[in-house]
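Structure record follows, encoded as structure tokens.
Note on naming: letters A, B, ... go to the chains in the order of the sequence lines (proteins, then strands), and numbering restarts at 1 for each one.
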There are 2 protein chains.
Amino acid sequence: MDTLETRELRYFVAVAEELHFGRAAERLGMAQPPLSRAIQQLERRLGVCLLERNRRGVRLTGAGEVLLQEGRAALDATAAAARRTRRAGGADSPGGPRDQLVLAVKAAASHDLLRKLLDAYAAEPGSAEVEVLLCGMCEQEELLRDGRADVALMHTPWNSLAGFDSEALTTEGQVALLPAGHPLAAREALSLADVRDVPDLPLARWPSHGTYAPGPGPEIHNQTQLAQLIALGRTVAVVPDSARSWLWAEHAAVPLTDAPPVVTHIAWPVHSRSVALAGLIRTAARL
Amino acid sequence: MDTLETRELRYFVAVAEELHFGRAAERLGMAQPPLSRAIQQLERRLGVCLLERNRRGVRLTGAGEVLLQEGRAALDATAAAARRTRRAGGADSPGGPRDQLVLAVKAAASHDLLRKLLDAYAAEPGSAEVEVLLCGMCEQEELLRDGRADVALMHTPWNSLAGFDSEALTTEGQVALLPAGHPLAAREALSLADVRDVPDLPLARWPSHGTYAPGPGPEIHNQTQLAQLIALGRTVAVVPDSARSWLWAEHAAVPLTDAPPVVTHIAWPVHSRSVALAGLIRTAARL
DNA sequence: ACGCGGTGATACCCGACGGGTATGACAGGG
DNA sequence: CCCTGTCATACCCGTCGGGTATCACCGCGT
């Protein structure tokens, strides 16, 4: 009577994201009429109007917004349950598959910290196998939530630690990454204001949870692209100190006096009770 | 093919908790054979053995433990989605039902703080209606997770703030609560060691997430019971300073020098995006 | 003004599957 | 030894989820 099925949540999230029954049905691999009916049944069962159907397309009501948010979280949780259970399968029988940990790391970030962590953990007696899952800019949180990863390296202020347990590992400052020939590249230090309004060098824009803030600068998708755009003199970026390890000859890095420090954390889902995970965290904390 | 239905999770959690198909089926309001079949299907779909069936009862495998843990979380998340959506229903239409917040508080704890908070918030312009949900010793976390509450007052070190956003409100010391006539009641201050091994007064035991640690003292379920047992000279307890507001004449409170301080937090689920909630938190932070 | 395209809703049918009842296989205890 | 209690199997049935065909409605073009 009052318990939502994951099927219903999947359907509703698809419709709420597409705002179009036909496209949502296609995405779900089904026909449109049963999808319409399913959403109507869902609305009846909840006793709530979720969608506002104007003859031209669909809009979310307030309750719909809530269900989109909460439904995504619930779907993540069930997906995580399935994945983690599958991975734990057989691990109880002695001689079964070794413990395995999936560690999510932003590609090209914290490279030497990561190497040190992996080396130190591998040297521990009884350590599990660690699979490194290199991901995009802000995906670690999603990967942890839906069970594709067990543990992640995260970087405040870009990642949010909300909803996870975490331990801070290192703190570093930030530098401005400029084309080597640029006048500002000769300075000893810069402030954020200096790099924000350079007329010929618009500040690069990083995605924040899949969307880009508006602005004049180019939209950055990965580190290679950023490096090239800077080398070409098209943009300037604010990056952590450790980025110096991948500087090109055409790059210059100038310390920033007032940029917020970047803290690298190791983070994991609350209530994780795996000995392998505990060992990795202990190793990380000792670095 | 790989997406768990909430029905399957409900069934498995019931079996895993009862460790008995018959009782689980009864609890679920269904017959035992379809339940057996559903669990078998679940195991086949996950490709994992979840239960070890000895002819006498059932035991969880390692994978089963994982699914019990993760499945509970997933069920909480879907229940929360349903509840919060229902509560948000109609709130979007102007003139619809007022915003409502459910605040979970341990019964008899932080009484004056709660009163101040409610008064201050009610005085705010545009404040929502606040329903106070008085709960047992450690239920706030569950209430927040499954959507029965929107926000809670929690007390470290008893409650865990893991998985929630929170803000610290007040810190207080702890006192030993003794029968008025007891020799220790005359002391100016006590240490934890003093109250731990009083031969004639075993330390009362509080439940921690539903279970009691072993020990000689009585198992406490609520504040009234504790007060009476102390007055009867049967036990001694360690409680926050603010408990002084409900002391009886037969009680004596003696400060403890080395007890961990009790911090009262206001906590809420991560990603909450309600203006009413934000207002309540802001009010609390200003107290 | 009229027809056309595109939206979501309705009508109807069918097969899958979730659930019930009856029964079986098997172990432990009086 | 049978009786009790456990979970698994066999079989039946009704519900309901999904597909196809179609409708009702609106905006827009000519």
Pick out the pairs of N or O atoms, protein on one side and nucleotides 21-23 of chain C on the other, that lie under 3.5 Å.
none

Check the distance between [N]'s [atom2] and [X]'s [atom1] and give it to me in whole angstrom.
X       : N      : atom1 : atom2 : result
B:Leu35 : D:dC7  : CG    : P     : 9 Å
B:Arg7  : D:dG17 : CZ    : P     : 11 Å
A:Leu42 : D:dG18 : CG    : C1'   : 17 Å
A:Arg53 : D:dC26 : CZ    : P     : 16 Å
A:Glu18 : C:dG8  : CD    : C1'   : 15 Å
B:Arg44 : D:dA8  : CZ    : C1'   : 13 Å
B:Leu19 : D:dG5  : CG    : C1'   : 16 Å
B:Arg59 : D:dT6  : CZ    : P     : 18 Å

For the backbone of [Y] and the side chain of [X], can you confirm whether one donor and one acceptor N or O come within less than 3.5 Å of each other?
X        : Y        : value
A:Gln100 : A:Arg87  : no
B:Asp150 : B:Val102 : yes
B:Arg148 : B:Leu143 : no
A:Glu8   : A:Leu4   : no
A:Tyr212 : A:Pro218 : no

Base, sugar-phosphate, or nothing for [X], non-hydrogen atoms under 4.0 angstrom?
X       : value
A:Arg37 : base
B:Glu8  : nothing
A:Gln41 : sugar-phosphate

Ignoring the backbone of [X], work out which of [options] is nearest its side chain.
X       : options               : result
B:Gln40 : C:dA9, C:dG20, D:dA8  : D:dA8
B:Phe21 : D:dG19, D:dA8, C:dG20 : D:dA8
B:Tyr11 : D:dG18, C:dG19, D:dA8 : C:dG19

Self-check item: Side-chain N,O (B:Ser36) to OP1/OP2 (D:dC7) below 4.0 Å
Solution: no
Exercise. For A:Leu67 and A:Leu46, run side-chain contact (heavy atoms from CB on, under 4.5 Å): C-alpha distance rounded to whole Å, both residues' side-chain angles, the deciding distance at 0.1 Å, then the answer.
Key: CA-CA 11 Å; A:Leu67 187 58; A:Leu46 287 172; 4.1 Å; yes
Exercise. Kindly give the heavy-atom pair with the smallest separation between A:Tyr121 and A:Ala276, and that separation in Å.
Key: OH-O, 3.3 Å
